[in-house]
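Everything numeric here is computed off the predicted structure, so don't read it as measured data. Protein chains get the first letters and strands the later ones, always in sequence-line order, with residue 1 at the start of each.
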Amino acid sequence: MSQDNQTLQQRREKAESLEELGVKLYSNRFKPANIVRDIVPKGENLQAEEHDQSAESFSIAGRIMSMRKFGKAAFCNLADRSGQIQIYLKKELLGDEEFEKFKKWDIGDIVGIEGTIFKTKVGELSVQAKAMTMISKSMRPLPEKWHGLTDVETRYRQRYVDLIVTPESRATFRKRVEIIRLVREYLNNLGFMEVETPMMQAVPGGATAKPFKTHHNALSMDLFLRIAPELYLKRLLVGGFERVFEINRNFRNEGLSTRHNPEFTMLEFYQAYATYEELMDLTEDMVSSICQAVNGSMEIQYQGTNVNLAPPWKRLTMDESLVEIAGIDPELLKDDQAVLALAKEKGIKLEPQSGPGKAKTELFELLVEEKLIDPTFITSYPTEVSPLARRNEDDPTVTDRFELFITGRELANGFSELNDPVDQKERFEKQVADRGNDEEIHPEVDYDYIRALEYGMPSAAGEGIGIDRLVMLLADAPSIRDVILFPHLKPETTPDQGRMEKNDNAEESNN
RNA sequence: GGGUCGUUAACUCAGUCGGUAGAGUAUCUGCCUUUUAAGCAGAGAGUCGUUGGUUCGAGUCCAACACGACCCA
């Protein structure tokens, strides 16, 4: 704390002298009648140096972002949720007493202003203050006005500061909110119901991933944070909710990267009597129209690369992509042994029980995935890697499934759902048997889900879209941490903190 | 988990060959009633990420650790 001494102390002293002048440092009396966005149009017809003849009074509240003080007058920039406007304060108008109080104001304070509007010499619309109210005194200085806050660690840890001073960051999160709103609107318009299913699950199913474990004391049982909502949403199809979706968090206990946060937001939706082909059409239309709405165009740049989201999007089977993009001989793909040998040659390590389907998928990830820049649906995923997808009726080694790739990254995964309880049970059991030596993956057969299928689930197709990755794409964000308000970081260390003690505790809880 | 880079004032950054810790912004004091990176004059502000080591002497060299970024698995 000692490093903050000087600034904090100075601010405290100012705060005290304001209190002595009778100012409440944290008043909740001020109710702004206006926001900046409302005031701006009122000044449209004013000339430079002209005051609003109607003398209409406005009141606004916000944070002081900058100050330019003169002896007996000053200009400030005030920011509220809708924008920024300049405030002009002069001693002559406010009176000696109020102006003395103003001198103790700092950049970062949240204040209320009442006044009339005018334009300055250079034509900037400003509010001339006739009354001023302290709403919240700031005790810490804001980052430098010109460079702003560039240290990414501080931006992620102290997002509140980032949001105050980084307009791009505010814009990204507003865009995120808008994208999610548009997804909801799109699905609602098609008659989908938004539902919430369990985040804590006794059997973490619906994907292959390492779950987080937690414990319920009263029930004295372990629970897992969900890795996917899939099996619950399909239970709702059984229950007769024929179009459902959920936008919520999934949790995966795996590595962190620019594309992976331990908790991430997923859209999953299920539509009875649809097939995966209809979902490809839906996805193409939904994503491209949302892009048009938030970016004004379907042609965007992602980190300097042009991406065209205008439909129709390319559709390739996995085998076609291996031939067209990886340049693999189509004859080779027909020979299971040759496929396995090629995977080995490329340095892919496979479990002993892995078949050609797994090998093809690995080859795809290695040789094709990153080359899919414009949106591309890859279809005909091997049954081996698709435990929940419906088999293709003509070729049972593949499923009626697609994944969507944009800028070399997986954005969506969808398929025609498996609704045959016998087939589903066999596949679950095989998955458990095949888990290999990875105990953490934790596959278990969800027998209640099998029972649900035994009551009869309508034919259906379902899909998951990674919302964080969609926002990254549409907001041109390089890291998933730029689109998550509070991304996961290790606890920060401070010199005067008992770090050693913390480490001891951590070790104990690991054991 | 591995590799590379980074961590110096509240913020953005310099810091040469190992020899008294620097700038701009912010802050404080004075002047200043249309500025907008306002201006002028002056002042204060540092656990150089942490802990060790080498050295007469370490922000600088070495090691370990912490946190972060990027790449790889």
Students often get this wrong, so: under 4.0 angstrom with heavy atoms, is A:Leu142 touching a base, only sugar-phosphate, or nothing?
nothing
When the C1' atoms of B:rC28 and B:rA45 are considered, how many whole Å apart are they?
10 Å
Give a yes or no on whether a donor-acceptor pair under 3.5 Å exists between the nucleobase atoms of B:rU34, that is its base, and the side chain of A:Glu124.
no
Examine the base of B:rU12 for any acceptor or donor lying under 3.5 Å from a partner atom in the side chain of A:Thr150, and report the outcome as yes or no.
no
Phosphate OP1/OP2 of B:rA38 contacted by A:Arg68 side-chain N/O (<4.0 Å):
yes
Any strand, both distances under 3.5 Å, Watson-Crick or G-U wobble: B:rU55 pairs with none
Checking A:His215 against A:Asp222: is there a side-chain donor and acceptor pair closer than 3.5 Å?
yes
What nucleic acid atoms does A:Glu49 come within less than 4.0 Å of, heavy atoms only: base, sugar-phosphate, or nothing?
nothing
Which is true for A:Lys91 with a 4.0 Å heavy-atom rule: it touches a base, it touches only sugar-phosphate, or it touches nothing?
nothing
A:Lys69 to A:Phe102 six-membered ring, cation-pi geometry met (6.0 Å, 45°):
yes
Sort out the partner of B:rC70 for me: Watson-Crick or G-U wobble, both distances under 3.5 Å, none otherwise.
B:rG3
Under the criteria of a ring-centre distance below 5.5 Å and an interplanar angle below 30°, is A:Phe75 stacked with the base of B:rU35?
yes
First of A:Gly123 and A:Asp151 reached from the 5' end of RNA chain B, by closest nucleotide
A:Asp151
Can you tell me the distance, in whole Å, between the CG atom of A:Leu149 and the P atom of B:rU25?
19 Å
NZ (A:Lys42) with more than 12 external heavy atoms under 6.0 Å
no
Who is the Watson-Crick or G-U wobble partner of B:rG39, with both distances under 3.5 Å?
B:rC31
Between B:rA66 and B:rA23, how far apart are the P atoms? Round to whole Å, please.
35 Å
